Colleague: 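Got a structure here, written out as C-alpha cells. Questions coming.
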Amino acid sequence: MSRNQVQSARWPAPAEAVGALAEGAEVVSGADPAFLELLARGASVEAYEQPLLVARAEGRAPELIAELERARLLALRVRTELEGRRRREAELSALFETAHDLAGLRDVDAVLQAIVQRARSLLGTDVAYLSLNDPARGDTYMRVTEGSVAARFQQLRLGMGEGLGGLVAQTARPYVTDDYFRDDRFQHTLTIDAGVRDEGLVAILGVPLMLGPHVIGVLFAADRRARVFEREQIALLGSFAALAAAAIDGANLLTETRAAMAGLERANEIIKDRSAAIERASDIHDRLAELVLRGGGVHDVAAAVSQVLRGAVEFTDTADVGSLATSRTEGHAIRHGDDWIAAVAAGGELLGALVLRGHPGLDPVDQRTLERAAMVTSLLLLARRSATEAEQRVRGELLDDLLDTRDRDPRQLRDRAARLHADLDATHVVLAARPDGPAASAEEEAAARRRLWSAASHLATTRHGLAAARDGGTVLLLPLDPGDTAADVARRTARQLGTAVHQPVTVGASAPVADLAVRPDTVAAGYAEARRCLDALRLLGRGGDGAAAEDFGFLGLLLAGERDVTAFVERTIGPVVAYDARRGTELLHTLDAYFASGMSPARTKDDLHVHVNTVAQRLERVARLLGDDWQGPARVLEIQLALRLHRLGAPPERR
C-alpha cells in the first residue's frame, strides 16, 4: 500500500454514523450555521454550548431552542466521528512509516526506538518501552524506553511470570491494568515494583512481540495516572508490536547473513595466511642456514626472525620464570600475555630465551619458526661459549706469566697480547677482586668464585685487558683511560662485577703501572699493592667497594708498593705549593705557624708578626685552594704530614 493510498483510505463507518453525518449536516445547516463553523474550525466541545446560550439570552422560542439543542447533539456526533477518522488515518500513516523504516532496515535499534516513540505519541501515554527475552538467562530485559526518567526502571530485568511484562511474555497475550499496584493478577516483586514506583507508573498496557508461535519480547504503553485503555488502542499497540518483531527478525537474519559472509572471508584469509606462513618458514630456514654458515651472532638471528614474523624479537638472558620453565620443559614456544617465549637450551642447561613482543595471535607455523630460531640460537651460543672459554684461558695464561715474573721475551709477550687485542705498552691498573658476603657452604663459595671469574673475564675482554683466577679471587689487568685514576677504575669495576654476579664484590687497585712487557715484575708488585688495598677495605668494613692507595690518605703510603711520597704531597697540599710558587706568597709558612700555634689565629699572627686580618685572609685563600673541609680532623692530620714531608724533601735553603 502506498502512502497516498493510506492517506486516502477510510475505515468503514457504521450506517448510523453515515446517516448521522448526512442528517446532522442538514439539521445543523437548517438550524444555525454557527455549528458548521465550529465543525469547520475544529472547535472544542465547550464551544458548542455557545449558540444555545445566546438563543436563551435573546429569549428565543422554546421550539427554536429545542431545534438548536438537537442540532448541537448531531454536530457533536459529527465531530466525534471526524476525530475518530483523523485518528485512524494518523495510526495508518504511522504504521506505514514504521513499515517503510523496516523495509530500509540498517540499524535495528533505531527502528525499535522509532516504534516506541510513535506508539507513545499515538496512544498519548507518558511512557512507552520495549523489552526482549533473554533465552540464556530465562528472563526479559529492557531494550528501548521513551519518556522514562528513572535509571533503575530502565535497567529492569523481569523473570518469566513476574510483573505485568513477565506475565505477557509467559502467556503470549496482551494484558492491561488501570492501577498497577492494586492489580493482583500478576506476581509482584520488590525489584520490579521499586522500578515502577521510581518511574511513577499507574496504568500499563503490554502486548507480546511474536515470531511465529514464540514470544521474543513485550511492547508497553504506560501512564502515570489511572487510565482505561480502549480496545482500538490495544489493537494499535499490537500492530506496532508486530512491526517490532519483524524488525528484530530481519535484523537477526541480516546478522546471520553477515556472519556467514564473514566466515567465508575468514576462511579465505586463513588460506592466504597459511600460504604466507609457509613462505615465511621457508624464508627463515634459508636465512638461519646462511647465518650459521657465515658465523652470525645471536642478535643476527633475532633480527632475521623479526623481519620474517613482522614483530620485535629479542634474545634475553632472563624472562618470566613460569613461562620460561614451561617452554623449556615442553620444548615449545609459550604465550605469555601478548608475548611469546621460546626457551634457548642445550642439554640440561638453560641459556636464555627468544621473546617475540606484542604478537598474541601467532600462527602455528610461525610458532614453529620461533622454536627453530631458538634451537639455532642455542647452537650459536654454545659455539661462542667454547670460543670465549678458549680465549679466557689464553688471557689467564698470559696474566699468570706476567704475575709469576718469569723471564720472557718482551717481543713475544707483546705478540701474545696483540692477538688478544691487549697493549702491554699502555698504562694499566692491577685490580684484585673478591666476592663479599658469607657463603652457606663450600660449594656456594666455589660457585661464587666461578661466577666472579667469568664476569671478570668478560669485562677484561670488552676492555682489552687480562683476567685470571688467583688466591681465592680474581686478578684483572685493565688499561687506564685518559682522565681516569686508579681509584675510578676500582670503584667502577666493583660496581660492574657486583651487578654481573648479583652480590657485592670488593676491589683493590694498584697505582698505575707501565712498560709491562719490559718490566713484567711491576705486575706482581701491583697485584701485591692491590691485595693490600683489598684487605684494607675489608678491615674497614667497606666490603663491596673499590679503592686505590690514594683513597686512604697518608695510610696509602703504607699500602702503596713504592711509597710515593711526592704523589701524596701533591694530592694533599699541591694547590697551595703551586700558588706560593706562582705568586711568591707564604701560605705554606702560614699553615706551619697556624698548626704550631694550636690553630689559633691570634697566636699565629704573633709568630708571623703580621696583623690578624692578614692571617684570616691567608687562611681563606687556603680554604679556596684545599676545600672548605680542610680543617676537619682527618684532613688536618694529612695536611700536617704533607707539610712535614714537603719540608723534608725541600732543599736546605728553603726549609
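Model, not experiment: these values are computed from the prediction.
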Colleague: Which heavy-atom pair separates Gly195 from Leu156 by the least distance, and what is that distance?
Modeller: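 What the structure gives for the nearest pair is CA-CD1, 4.2 Å.
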
Colleague: Quick one: do Phe186 and Tyr180 satisfy ring pair (Phe, Tyr, Trp, His ring centres under 6.0 Å)? Show the steps, please.
Modeller: CA-CA 10 Å; Phe186 43 82; Tyr180 176 83; 5.1 Å; yes

Colleague: Should the pair Phe181 and His188 be assigned to parallel (<30°), tilted (30 to 60°) or perpendicular (>60°) ring geometry?
Modeller: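 Geometry flag for His188 against Phe181: parallel rings.
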
Colleague: Can you name the nearest heavy-atom pair linking Leu237 to Ala119, along with the distance?
Modeller: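 Scanning both residues, the minimum pair turns out to be CD1-CB, 3.8 Å.
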
Colleague: With side chain to side chain contact (heavy atoms under 4.5 Å, CB included) as the test, pick out the partner of Val144 among Leu132, Ile115, Val116.
Modeller: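 In the set Leu132, Ile115, Val116, the residue that makes a side chain to side chain contact (heavy atoms under 4.5 Å, CB included) with Val144 is Val116.
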
Colleague: Please name the residue in the list Asp126, Val202, Asp179 that meets the side chain to side chain contact (heavy atoms under 4.5 Å, CB included) test with Arg225.
Modeller: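 When side chain to side chain contact (heavy atoms under 4.5 Å, CB included) is applied between Arg225 and each of Asp126, Val202, Asp179, only Asp126 qualifies.
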
Colleague: Nearest 0.5 Å please: distance from the OG1 atom of Thr145 over to the CZ atom of Arg120.
Modeller: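 Rounded to the nearest 0.5 Å, the OG1-CZ separation comes out at 10.0 Å.
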
Colleague: So do Asp193 and Thr189 actually touch side chain to side chain, heavy atoms under 4.5 Å?
Modeller: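 Answer no - side chains too far apart.
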
Colleague: Any side-chain heavy atom of Leu130 within less than 4.5 Å of one from Leu209?
Modeller: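 A side-chain contact exists here, since the closest heavy-atom pair is under 4.5 Å.
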
Colleague: State whether the side chain of Thr125 and the backbone N or O of Ser121 hold a donor-acceptor pair below 3.5 Å, judged by distance alone.
Modeller: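 No, because the side chain of Thr125 does not come within donor-acceptor range (under 3.5 Å) of the backbone of Ser121.
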
Colleague: With a 4.0 Å cut-off, would you call Arg152 and Glu199 a salt bridge?
Modeller: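 The answer is no: the pair does not qualify as a salt bridge.
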
Colleague: Roughly how far apart are Glu69 CD and Leu64 CG, rounded to 0.5 Å?
Modeller: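 Rounded to the nearest 0.5 Å, the CD-CG separation comes out at 12.0 Å.
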
Colleague: Indicate yes or no: at least one non-hydrogen side-chain atom of Met142 is less than 4.5 angstrom from one of Gln154.
Modeller: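 No. Closest side-chain heavy atoms not under 4.5 Å.
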
Colleague: Quick check: do Arg60 and Leu68 have side-chain heavy atoms less than 4.5 Å from each other?
Modeller: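 A side-chain contact is absent here, since even the closest heavy-atom pair is not under 4.5 Å.
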
Colleague: Can you tell me how far NE2 of His214 sits from CG of Leu211, rounded to the nearest 0.5 angstrom?
Modeller: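 It comes to 8.5 Å.
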
Colleague: Is the closest side-chain heavy-atom distance between Leu201 and Phe153 below 4.5 Å?
Modeller: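 Leu201 reaches Phe153 side chain to side chain.
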
Colleague: If I take atom CG from residue Leu205 and atom CD from residue Gln233, how far apart are they, to the nearest 0.5 angstrom?
Modeller: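 Nearest 0.5 Å value for the CG-CD distance: 8.0 Å.
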
Colleague: For Arg185, look at atom CZ and say whether over 12 heavy atoms of other residues, nucleotides or ligands are found less than 6.0 Å away.
Modeller: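 Yes.
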
Colleague: Restricting to pairs with a member in residues 153-167, which pass salt bridge (Lys or Arg N to Asp or Glu O under 4.0 Å), not counting sequence neighbours?
Modeller: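 For residues 153-167, and leaving out neighbouring residues, the salt bridge (Lys or Arg N to Asp or Glu O under 4.0 Å) pairs sorted by first residue read Asp134-Arg157, Asp139-Arg157.
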
Colleague: Around atom CZ of Arg173, are there more than 12 heavy atoms of other residues, nucleotides or ligands at under 6.0 Å?
Modeller: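 Incorrect, the count does not exceed 12.
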
Colleague: Heavy atoms only: give me the nearest Gly206-Val168 pair and the separation to one decimal.
Modeller: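 Taking every non-hydrogen atom into account, O-CG2, 3.8 Å.
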
Colleague: Here's a test for you: under side chain to side chain contact (heavy atoms under 4.5 Å, CB included), which of Thr171, Leu219, Ile216, Val215 qualifies with Pro208?
Modeller: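 Among the candidates, only Val215 passes.
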
Colleague: Can you confirm whether more than 12 heavy atoms, excluding those of Leu190, are under 6.0 Å from its CG atom?
Modeller: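 For Leu190, atom CG is not crowded (no more than 12 foreign heavy atoms under 6.0 Å).
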
Colleague: Between atom CZ of Arg118 and atom CD of Gln113, what is the distance when rounded to the nearest 0.5 Å?
Modeller: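 Atom-to-atom, Arg118:CZ and Gln113:CD are 11.0 Å apart.
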
Colleague: Work out which heavy atom in Ile65 is nearest to a heavy atom in Ala55; give both atom names and the distance.
Modeller: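 Where Ile65 meets Ala55 most closely, the heavy atoms are CG1-CB, 4.3 Å.
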
Colleague: Can you tell me how the ring of Phe220 sits relative to the ring of Tyr129, calling it parallel under 30°, perpendicular over 60° and tilted otherwise?
Modeller: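 Taking Tyr129 first and then Phe220, their aromatic rings lie parallel (interplane angle under 30°).
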
Colleague: Val313 and Leu356: which non-hydrogen atoms are nearest, and at how many Å?
Modeller: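 So the minimum-distance heavy-atom pair works out to CG2-CD1, 3.4 Å.
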
Colleague: How long is the gap from OG1 on Thr499 to CZ on Arg495, to the nearest 0.5 Å?
Modeller: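 Here the interatomic distance stands at 8.5 Å.
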
Colleague: Going by an N to O cut-off under 4.0 Å, is there a salt bridge joining Arg227 and Asp223?
Modeller: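 Salt bridge flag = yes for Asp223 with Arg227.
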
Colleague: Do you know which two heavy atoms are closest between Arg224 and Val149, and how far apart they sit?
Modeller: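 Heavy atoms of Arg224 and Val149 come nearest at NH2-CG2, 4.0 Å.
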
Colleague: Could you check whether any side-chain heavy atom of Val218 comes within less than 4.5 Å of a side-chain heavy atom of Val207, counting everything from C-beta outward?
Modeller: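 No. Closest side-chain heavy atoms not under 4.5 Å.
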
Colleague: Does any donor atom in the side chain of Tyr141 or Asn133 lie under 3.5 Å from an acceptor atom in the other side chain?
Modeller: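 Absent: no donor and acceptor within the cut-off.
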
